[in-house]
Every structure is written in structure tokens, then in C-alpha cells.
Amino acid sequence: MSTLQVKNLPDDVHAALAKRARDESTTMSELVTRLLRRELSRPTFDEWDRRHPAAGTTRPLDVAHALDEVRVEYAPDDAPARAATAASPSGGAGRSGS
């Protein structure tokens, strides 16, 4: 089994690792090994992209509509007011705080 030494580990990262290890009743070494195994089991973006070529399957996306749908999930009571503002002649353009 090999040993890995991490130099210049920021204090906040060390503290977060120590806390999580304590919370999970494990050692920092076991926690870091588990985190590294999990991360390395995931494909990189390039690997994922090679396995899922787009090949002309893209389609236009109405970003404003998609955001409105997501906002309804998080604040359904605000949806009617937001829809009315979006339908106004200015389309809600120029509003601050959005």
C-alpha cells in the first residue's frame, strides 16, 4: 500500500476533513481514500463527452422559460406575479434585484 503526503493543504480544508471524519466516526485517511475513490470512479468531462456524442442532437433552448419553470418549483406562490411581469410590454427588462 502506498503513502500520499499532501503539502500546503489549506487549514480550512484540513479542518473540514477532520470534522467530517469525526462526524462519520472514521479516520481522515479512510475518509480521504473514500472521497478519492468516489471522485476517480466518475468519468472526466472528456470521457463522458466521448461516450455521448451530440451528433446533431442539440436543439434551441428558451432559457427564460426554463428558468421560470424552475422558479415555480422553488417559489410557486410567486409564479403568477412573475408571469404577469414577463408578459408586460417591456418583458420585465430593466428590473433590478432579479
Side-chain angles (χ1 to χ4, degrees):
M1 192 165 293
S2 298
T3 300
L4 172 68
Q5 180 180 16
V6 178
K7 296 181 180 184
N8 301 317
L9 184 67
D11 291 337
D12 62 321
V13 174
H14 185 275
L17 283 169
K19 180 183 181 321
R20 179 160 310 169
R22 276 191 313 273
D23 292 348
E24 296 183 14
S25 300
T26 190
T27 66
M28 287 180 60
S29 181
E30 290 169 345
L31 174 64
V32 169
T33 299
R34 189 173 70 237
L35 293 172
L36 288 171
R37 282 183 194 279
R38 181 172 35 197
E39 181 59 31
L40 292 172
S41 72
R42 297 174 178 161
T44 65
F45 177 79
D46 288 338
E47 291 168 339
W48 181 89
D49 192 43
R50 280 192 298 274
R51 286 188 236 154
H52 300 88
T57 60
T58 60
R59 60 177 194 225
L61 173 65
D62 181 350
V63 175
H65 180 73
L67 285 172
D68 285 340
E69 287 180 346
V70 170
R71 288 179 180 129
V72 168
E73 291 179 34
Y74 289 97
D77 296 336
D78 294 342
R82 200 171 6 260
T85 303
S88 69
S90 66
R95 291 181 294 162
S96 63
S98 298

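Sorted pairs that involve residues 18-37 and meet ring-ring contact (aromatic ring centres under 6.0 Å, His included), not counting sequence neighbours, are lacking altogether. Listed by first and then second residue, the side-chain hydrogen bond (donor to acceptor under 3.5 Å, both in side chains) pairs involving residues 15-24 are Lys19-Asp23, Glu24-Arg34 (not counting sequence neighbours).
Annotation: side-chain contact (heavy atoms from CB on, under 4.5 Å) contacts of Asp46 (sequence neighbours excluded): Thr44, Arg50. Arg42 meets the salt bridge (charged side-chain N to carboxylate O under 4.0 Å, His left out) test with Glu39; sequence neighbours excluded. With sequence neighbours excluded, no residue forms a side chain to side chain donor-acceptor pair (under 3.5 Å) with Thr33. When the side-chain contact (heavy atoms from CB on, under 4.5 Å) test is applied to Ser25, no partner is found at least two apart in sequence or on another chain. For Glu47, the salt bridge (charged side-chain N to carboxylate O under 4.0 Å, His left out) test picks out no residue, with sequence neighbours left out.
Using a 4.5 Å cut-off between side-chain heavy atoms of Ile, Leu, Val, Met, Phe, Trp and Tyr, Phe45 falls into a hydrophobic cluster with Trp48.
For Arg37, the CZ atom sits in a loose shell: 12 or fewer heavy atoms of surrounding residues, nucleotides or ligands are nearer than 6.0 Å.
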Donor-acceptor pairs under 3.5 Å, side chain of residues 5-17 to any protein atom, not counting sequence neighbours: which ones?
none

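Residues Ala21 and Leu31 come closest through the heavy atom pair N-CD2, 3.7 Å.
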